[in-house]
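Please read the structure below before turning to the comments.
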Amino acid sequence: MNNILYKRNIITATSIVVVLFVSVILSVYRFLNMNFKIYDNDIRLIVSRQKNEIEKQIYNKGHYPYLVFGLDGRVLYNGGVFEYKVGEMLNTQEMLQTDKSFSINNKNKIKESFVLEQNGKVNGFVVFLIPEKDVLIESNLTRVINIFFPMILGIFICISIVVARTLYFNRRILTPLKEISSSTKGIIAGNYDLEVIRTYEKQIGENEIGDLTYSFELMRDELKSKQIREEVLKKSQQELISCISHDLKTPISTIKAYSEGLRDGIARTPKAQEDYVNIIISKTDLLIDMINELLEYSNAELNQLDINIKEVYFYEYFIPLMEELEVFVKQKNIDFDYEVNTADMLVNIDKRRITEVLYNLVENSIKYMKDSRGIIIIEAERQNGKVLIKVKDNGIGISPDDIPYVFDKFYRAEKSRSSSIPGSGLGLSICKYIIEEHGGEIYCKSRHNKGCEFGFSLG
Ligand code: ADP
């Protein structure tokens with residue numbers, strides 16, 4: 001499994017550990033090599049101003065006490081550090097060096113002596129007594145900082161890594177999760193429009209949350225289009241009920257009117273009575289047909305449509321059917337043509353059902369024809385060992401938005417819904433069912449206002 005987030009967390013944790021480890025090692029190394037000794041240079045630096053004055057024989061009290069004596073050992077000035085008086089002689093060598101007794105008597109003091117020069121000639125010495133802590137602090141504070149510098153830098157790098165990681169976590173994980181959560185709540189409440197940051201799509205694949213966001217958005221899109229379809233279907237079903245009621249009402253009213261005519265003796269002659277009865281019979285047939293159609297739709301819906309597939313010669317079945325359809329279409333004042341671009345072959349079909357499909361498609365082409373001169377063309381060609389049958393028309397066409405749904409039951413495209421063309425939205429779903437039961441596929445192609453092409457294959 002490709003656990004990107006897990007890997008990244010491991011990398012972050014490892015980097016922090018490595019940085020801390022290296023910085024601690026560097027600091028320890030520096031510490032072990034640190035020199036706490038007192039540096040002459042540092043001492044020179046802190047008394048340099050005083051020493052300059054002394055060389056010019058200006059003996060001020062100054063910050064650090066000192067003793068000045070000549071080359072012969074005569075004390076020239078005593079700032080109160082040793083027990084010599086001015087003019088007294090001292091042992092030069094003894095005074096210039098630091099012996100054990102000095103260290104014992106002057107704990108935590110440093111004796112620092114300098115040669116005094118005047119006009120390039122040595123003319124005496126000065127001995128300072130400086131508190132050790134002054135020198136140690138001054139000289140080693142910067143060194144202590146230096147020692148801990150790698151550790152400070154390490155900690156700073158670690159904090160930066162943690163901050164960067166937190167920002168990443170916020171932007172790439174928490175924010176999308178929050179959005180997914182609020183979008184989910186929206187979906188529960190029936191609102192499918194709450195998007196989870198679309199810009200995040202650019203980072204898809206960056207981590208698992210990216211993949212989750214992407215899948216979530218796919219799901220939301222799917223649910224949204226389902227919701228739209230369901231609303232359309234609901235509307236279509238309501239329309240169907242009103243259509244059926246309307247279609248049934250007309251023949252029933254006619255039957256009622258003619259029956260009453262007969263009862264009330266309006267048809268007096270046997271001829272008139274026969275006409276009345278014939279009308280009643282024909283309207284009853286119409287009702288039977290309509291009810292049968294509805295029954296068929298509901299059977300198809302229950303997957304109980306009776307289909308008996310038999311082997312037939314294609315030409316034997318197809319050409320007479322085309323001739324029949326030609327008469328049927330031309331009666332409606334619409335041009336009709338058919339082309340057979342395949343050699344004769346055996347096909348496995350239920351003739352009655354395939355005829356039903358073709359009639360349905362042709363009737364739709366007639367129904368959704370434009371006012372201008374209409375033409376319907378049926379083509380049969382061989383494709384992958386099967387026969388592909390196409391029904392083309394130059395009618396009103398179907399918009400691309402409707403095409404994916406025309407085979408759904410009760411679905412009626414926008415144009416036919418808004419126009420007064422009657423229909424149930426069931427015909428194409430029955431066609432799809434029949435063709436699929438034959439092991440084939442049915443498709444629809446259309447350019448709005450440029451007509452339609454329906455096609456299906458038979459094997
Ligand atoms: P209906 O009873 O509404 O015709 P169908 O299932 O046969 O139901 O067709 C579904 C929808 O597909 C129709 O309502 C119509 O909008 C569209 N349609 C089908 N055939 C055509 C066609 N040849 N030209 C334009 N639209 C068509």
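Atoms within each ligand, like the ligands themselves, are counted from 1 in listed order. From a predicted model like this one, the values you see are computed outputs, not experimental measurements.
- Not a single heavy atom of Gly395 sits closer than 4.0 Å to an atom of ligand 1.
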Donor-acceptor pairs under 3.5 Å, side chain of residues 349-360 to any protein atom, not counting sequence neighbours: which ones?
unit_1	atom_1	unit_2	atom_2	d
Asp350	OD1	Arg352	N	3.1
Asp350	OD1	Arg353	N	3.3
Asp350	OD2	Asn308	N	2.7
Arg353	NE	Asp306	O	2.9
Arg353	NH1	Glu296	OE1	3.2
Arg353	NH1	Glu356	OE1	2.9
Arg353	NH2	Asp306	O	3.0
Thr355	OG1	Tyr317	OH	3.0
Thr355	OG1	Lys351	O	2.6
Tyr359	OH	Glu324	OE2	2.7
Asn360	ND2	Gly427	O	3.4

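- The shortest side-chain heavy-atom distance between Ser429 and Asp408 does not fall under the 4.5 Å cut-off.
- Inter-residue side-chain proximity for Asn394 and Met369 is flagged as met; some heavy-atom pair is nearer than 4.5 Å.
- Close contacts between ligand 1 and Ile398 involve ligand atoms 17 (C), 18 (N), 25 (C), 26 (N), 27 (C) [criterion: under 4.0 Å to a heavy atom].
- Between Lys283 and Leu287 there is no side-chain heavy-atom pair separated by less than 4.5 Å.
- Residue Ser365 approaches ligand 1 through these ligand atoms, each under 4.0 Å from one of its heavy atoms: 23 (N).
- Judged by the shortest distance from any of its heavy atoms, Phe407 lies outside the 4.0 Å radius around the atoms of ligand 1.
- The shell of residues lying under 4.0 angstrom from ligand 1, judged by heavy atoms, includes Lys367.
- Under 4.0 angstrom from ligand 1, the non-hydrogen atoms of Leu428 come from both its backbone and its side chain.
- Side chain of Asp344 to backbone of Tyr315: a donor-acceptor contact under 3.5 angstrom is found.
- Distances between N or O atoms of Val406 and those of ligand 1 include no value under 3.5 Å.
- Note: no N/O pair closer than 3.5 Å links Ser429 and ligand 1 by distance alone.
- The ligand atoms of ligand 1 that sit less than 4.0 angstrom from a heavy atom of Tyr411 are 10 (C), 11 (C).
- Judged purely by atom type and a 3.5 angstrom limit, Asp393 uses its side chain to pair as donor or acceptor with the backbone of Cys452.
- Summarising the contacts of atom 23 (N) of ligand 1 with Asp393, Ile430, Ile376, the nearest heavy atom is found in Asp393.
- No donor-acceptor pair closer than 3.5 Å links the side chain of Glu381 to the backbone N or O of Leu388.
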